[in-house]
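None of these values were measured; they are calculated from a predicted model. We count residues from 1, following the sequence as given.
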Amino acid sequence: MKKHFAYIVLILLLGSNLMFSQKQRIKNLPGFENTKVMHFGFYLGVNNLGVDVKYKSSLLQSDTIYSALVRGKYGFNLGIVTDVHMGDGFDLRFVPALVFGQRDFEYTVKTKNNVLESQKRVVESTYLDFPISIKYKSERVNNGRFYFLGGFKPAFDMASLKKVDSKNTKVVRLNPWELSAHVGFGVDLYLEYFKFSPQIIFNYGLNNLLIQDGTAYTTLIDQVKARSFVVALTFEG
């Protein structure tokens with residue numbers, strides 16, 4: 001949570017400094033929203049693919065697995081931006097992207113020799129994301145404006161191990177299809193030749209990703225829903 005707060009403060013400080021550092025500035029790209037209805041660009045981002053895990057009460061009664069924890073690892077995003085202006089203050093955005101990330105399922109397990117040891121099940125993902133968002137923009141001040149966005153995102157994990165026999169392979173299998181809602185905010189900064197926008201987006205998964213395969217590593221978990229965030233930089237021309 002502290003890291004999330006640090007990212008939010010950083011983006012706000014960056015945008016405020018560039019927008020209000022001078023009372024009057026040369027206005028870059030003065031007709032950016034008016035000359036063309038549609039703009040294109042690309043974005044680069046850093047993600048953390050966390051999850052929200054709901055455990056079954058049987059976890060407390062298990063004599064084999066003593067604890068289960070899921071950790072999101074940092075990955076990166078590459079995407080293409082399509083932005084359609086819908087009038088003053090609102091845009092419709094479509095940002096298909098490749099998302100590379102990882103989740104680690106960490107267990108404390110009692111062995112046959114009654115020794116507690118840590119075991120890890122790594123879930124690597126390569127998502128095709130298809131987020132659709134509505135973007136609400138504030139009034140432009142000098143060469144910047146703040147914005148908020150929200151929408152829904154279907155995604156498909158091309159690296160899914162759904163068909164792997166997990167009894168012979170040390171993995172936890174997740175559903176390759178994910179549906180999530182997202183909210184975020186950022187700052188549009190109008191530079192001389194293009195628009196630069198740092199932003200942070202939070203994703204909240206709506207469907208259960210866990211595939212129950214009958215192993216002890218999944219039967220103690222009721223559901224796994226995606227909880228991730230992305231810190232991204234977009235460039236639009």
Side-chain angles (χ1 to χ4, degrees), residues 1-4 45-79 96-131 152-183 200-232:
M1 189 66 185
K2 291 182 179 179
K3 291 182 179 179
H4 297 179
V46 176
N47 69 65
N48 185 287
L49 299 183
V51 293
D52 179 26
V53 183
K54 182 179 180 181
Y55 300 97
K56 294 182 179 179
S57 59
S58 55
L59 176 62
L60 302 176
Q61 305 166 359
S62 173
D63 57 359
T64 302
I65 297 180
Y66 282 71
S67 67
L69 181 65
V70 186
R71 299 182 186 274
K73 297 296 185 178
Y74 285 97
F76 63 95
N77 296 27
L78 300 172
L98 276 174
V99 178
F100 302 89
Q102 179 178 315
R103 299 179 177 103
D104 292 348
F105 286 71
E106 299 177 357
Y107 299 89
T108 301
V109 180
K110 186 176 181 179
T111 66
K112 295 180 180 180
N113 298 323
N114 293 325
V115 177
L116 295 181
E117 69 174 19
S118 297
Q119 295 186 7
K120 182 185 293 187
R121 300 292 185 267
V122 175
V123 180
E124 296 180 342
S125 296
T126 303
Y127 281 102
L128 275 176
D129 273 11
F130 303 97
F152 292 91
K153 181 190 71 173
F156 178 74
D157 185 3
M158 297 185 295
S160 171
L161 295 174
K162 184 176 181 180
K163 297 182 179 180
V164 171
D165 180 4
S166 62
K167 294 182 179 180
N168 299 317
T169 307
K170 294 183 178 181
V171 297
V172 172
R173 296 183 298 164
L174 299 181
N175 193 319
W177 285 102
E178 177 186 318
L179 177 64
S180 62
H182 62 268
V183 294
I200 182 169
I201 297 175
F202 299 93
N203 297 291
Y204 302 90
L206 302 177
N207 62 313
N208 185 8
L209 298 178
L210 184 67
I211 296 176
Q212 292 288 354
D213 53 18
T215 66
Y217 298 102
T218 60
T219 54
L220 298 177
I221 299 175
D222 185 36
Q223 63 181 19
V224 173
K225 292 186 177 181
R227 293 290 188 273
S228 62
F229 71 91
V230 180
V231 179

Chemist: Can you name the closest pair of heavy atoms from S125 and Y127 and give their distance?
Modeler: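 For S125 and Y127, the tightest heavy-atom pair comes out as CB-CE1, 3.5 Å.
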Chemist: Minimum heavy-atom separation for P131 to D129, with atom names?
Modeler: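 Taking P131 first and D129 second, the nearest heavy atoms are CD-C, 3.4 Å.
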Chemist: When rounded to the nearest 0.5 angstrom, what distance separates CZ in F229 from CZ in F202?
Modeler: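 One gets 7.5 Å once the value is rounded to the nearest 0.5 Å.
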Chemist: Looking at side-chain heavy atoms only, is the closest gap between D104 and V70 below 4.5 Å?
Modeler: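 No; the side chains remain at least 4.5 Å from each other.
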Chemist: Take the angle between the ring planes of W177 and F156 and call it parallel below 30°, perpendicular above 60°, tilted in between.
Modeler: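 If you compare the ring of W177 with that of F156, the planes turn out tilted.
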Chemist: Write down the atom of I211, the atom of T218, and the distance for their closest heavy-atom approach.
Modeler: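 In this case the closest contact between I211 and T218 is O-CG2, 3.9 Å.
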Chemist: Less than 4.5 Å apart, any side-chain heavy atom of L210 and any of V172?
Modeler: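 In contact.
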Chemist: Is the backbone N or O of T126 less than 3.5 Å from a side-chain atom of D157, with the two atoms forming a donor-acceptor pair by type?
Modeler: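 Side chain of D157 to backbone of T126, a donor-acceptor pair under 3.5 Å: yes, one is there.
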Chemist: Start with the C-alpha gap between K73 and L49, add the side-chain angles, then the distance that decides, and say whether side-chain contact (heavy atoms from CB on, under 4.5 Å) holds.
Modeler: CA-CA 6 Å; K73 297 296 185 178; L49 299 183; over 6 Å; no
Chemist: Of the non-hydrogen atoms in K225 and G205, which two are nearest, and what is the gap between them?
Modeler: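 Taking every non-hydrogen atom into account, CD-O, 3.8 Å.
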Chemist: If only atom types and distance count, is the side chain of N208 paired as donor or acceptor with the main-chain N or O of V224 below 3.5 Å?
Modeler: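 Yes; judged by distance alone, with no hydrogens or angles, the pair exists.
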Chemist: Can you see which heavy atom on L174 is nearest to which on R103, and at what distance?
Modeler: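 Closest approach of L174 to R103, heavy atoms only: CD1-NH1, 3.9 Å.
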Chemist: Can you measure from CG (N77) to CG (N47) and round to the nearest 0.5 angstrom?
Modeler: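 Nearest 0.5 Å value for the CG-CG distance: 4.5 Å.
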Chemist: Nearest heavy-atom pair of V183 and Y204: which atoms, and what distance?
Modeler: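 Taking V183 first and Y204 second, the nearest heavy atoms are CG2-CE1, 4.0 Å.
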Chemist: Measure from the side-chain N and O atoms of Q223 to the backbone N and O of D52, and report whether any donor-acceptor pair falls under 3.5 Å.
Modeler: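 Checking the backbone N and O of D52 against the side chain of Q223, no donor-acceptor pair under 3.5 Å is found.
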Chemist: Rounded to the nearest 0.5 Å, what separates atom NZ in K153 from atom OG in S228?
Modeler: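 Here the interatomic distance stands at 5.0 Å.
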Chemist: How far does CG of L69 sit from OH of Y55, to the nearest 0.5 angstrom?
Modeler: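 Going from the CG atom of L69 to the OH atom of Y55 covers 5.5 Å.
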Chemist: Quick one: pull up CD1 in I221 and NZ in K54 and give me the separation to the nearest 0.5 Å.
Modeler: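 NZ of K54 is found 13.0 Å from CD1 of I221.
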